[in-house]
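Inspection log for the structure reproduced underneath, given as structure tokens.
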Amino acid sequence: MTSPLVYRYDGDGVFSAATPYWARKADDAFVVGETYKLAEHQDRSGASHNAYFARLSELWQSLPDDLLTEYPNVESLRKRALIRCGYATERTFVASSKAEAQRLAAFLRPEDDYSIILVKECVVRIFNAASQSYRAMGRADFEASKTRVLEFVENLLGVSPALEAAE
């Protein structure tokens, strides 16, 4: 089961499927007589999602020319900020020599235009941004990553969030 099922709390510790559709989904997902743990699922706000992407676009448009090489579009800004804020997957490779590590890094570069690849001695580390899609990131993680990314970008630009809110 990848998405939450919708249930109604009837009181006295009883939950029931909210509609016949959800009852059929539950029949497909569960075995009668088994015990399952329920957890509340809070949907993300579409307004928060849209405001985040709009703010990122505004911030990207105000980047100075010297940062446009590193962040040529708003997506590169978002993904590299996610990586720098710790919202990323990391893979590490150990090469047989420094030269081999450099060749490996060059080979890995085309994998994702937004990856960050670090080479130190014989070790190559590649970081890819975590997805912020509705399916991949729940509300709490999205809100935390959104806040961290916006703070990162605002710090990059020397923009004070308090001043921006006052304008």
Side-chain angles (χ1 to χ4, degrees), residues 1-7 18 25 37-167:
M1 179 178 65
T2 58
S3 62
L5 300 175
V6 180
Y7 276 77
K25 294 297 254 180
K37 292 181 181 180
L38 297 179
E40 182 181 10
H41 173 80
Q42 295 180 354
D43 289 329
R44 276 174 31 189
S45 160
S48 175
H49 183 89
N50 293 340
Y52 167 62
F53 283 94
R55 179 69 178 139
L56 269 178
S57 182
E58 282 176 16
L59 291 169
W60 178 78
Q61 291 173 28
S62 66
L63 283 177
D65 289 346
D66 62 318
L67 290 176
L68 289 175
T69 303
E70 184 174 358
Y71 307 107
N73 54 52
V74 70
E75 188 68 356
S76 64
L77 178 63
R78 182 180 71 87
K79 287 194 172 190
R80 291 186 179 139
L82 280 166
I83 292 168
R84 290 195 167 96
C85 292
Y87 293 93
T89 58
E90 176 186 351
R91 291 183 298 151
T92 303
F93 302 92
V94 179
S96 59
S97 67
K98 290 180 187 179
E100 184 64 29
Q102 292 296 332
R103 283 192 292 277
L104 178 59
F107 175 76
L108 292 171
R109 185 136 330 265
E111 182 178 293
D112 180 351
D113 291 339
Y114 308 114
S115 297
I116 294 177
I117 299 173
L118 303 176
V119 179
K120 185 173 181 182
E121 301 293 325
C122 299
V123 178
V124 179
R125 296 168 63 201
I126 182 168
F127 299 87
N128 289 305
S131 172
Q132 288 182 301
S133 71
Y134 283 95
R135 172 172 252 155
M137 198 177 272
R139 178 179 166 197
D141 287 339
F142 175 75
E143 290 299 326
S145 69
K146 176 182 92 168
T147 299
R148 299 262 325 268
V149 164
L150 289 175
E151 287 173 352
F152 172 86
V153 176
E154 288 164 346
N155 286 334
L156 185 70
L157 294 169
V159 174
S160 169
L163 291 177
E164 284 293 316
E167 292 182 344

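Positions are given from 1 along the sequence.
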Sub-4.5 Å side-chain heavy-atom contact between Ile116 and Ile126:
no

Main-chain N/O of Arg78 paired to Trp60 side chain as donor or acceptor, under 3.5 Å:
no

Side chains of Tyr114 and Asn128: does their closest heavy-atom pair fall under 4.5 Å?
no

Contact summary for Ala105 and Val119, nearest pair of heavy atoms:
CB-CG2, 3.5 Å

Using the ring centroid of each side chain, check whether Tyr52 and Phe142 are separated by less than 6.0 Å.
yes

Gap separating the CD atom of Glu75 from the NZ atom of Lys79, nearest 0.5 angstrom
5.0 Å

Which heavy-atom pair separates Met137 from Ser131 by the least distance, and what is that distance?
CE-O, 3.4 Å

Just checking, any donor-acceptor pair under 3.5 angstrom between side chains of Glu151 and Thr147?
no

Looking at CD of Glu100 and SG of Cys122, how far apart are the two atoms once the value is rounded to the nearest 0.5 Å?
9.5 Å

Does Ser115 reach the main-chain N or O of Ile117 with its side chain, forming a donor-acceptor pair under 3.5 Å?
no

Between Pro64 and Leu157, which heavy-atom pair has the shortest distance, and what is it?
CD-CD2, 3.7 Å

Between Tyr87 and Asp141 the two heavy atoms that sit nearest each other are CE2-O, 4.4 Å

Using the rule given for side-chain contact (heavy atoms from CB on, under 4.5 Å), can you reason through Leu67 versus Leu77, listing the C-alpha separation, both sets of side-chain angles and the distance that settles it, and then say yes or no?
CA-CA 10 Å; Leu67 290 176; Leu77 178 63; over 6 Å; no

How many angstroms lie between atom CZ of Arg55 and atom CD of Glu154, to the nearest 0.5 angstrom?
5.0 Å

So, for Ala101 and Ala95, which heavy atoms are closest and what is the spacing to 0.1 Å?
N-CB, 3.5 Å

Are any non-hydrogen side-chain atoms of Val74 and Gln61 less than 4.5 angstrom apart?
no

Return yes if some donor-acceptor pair links the side-chain N/O of Arg80 with the main-chain N/O of Glu70 below 3.5 Å, else return no.
yes

With a 3.5 Å distance limit and no angle check, can you tell me whether Arg125 reaches the backbone of Thr92 through a side-chain donor-acceptor pair?
no

Separation between NZ (Lys98) and NZ (Lys120), nearest 0.5 Å, reads 11.0 Å

Kindly give the heavy-atom pair with the smallest separation between Val94 and Val123, and that separation in Å.
CG2-CG2, 4.4 Å

Hey, could you give me the CG/CZ distance between Leu82 and Phe152, rounded to the nearest 0.5 Å?
10.0 Å

Atom CZ of Phe127 and atom CD1 of Ile83: how far apart are they, to the nearest 0.5 Å?
8.5 Å

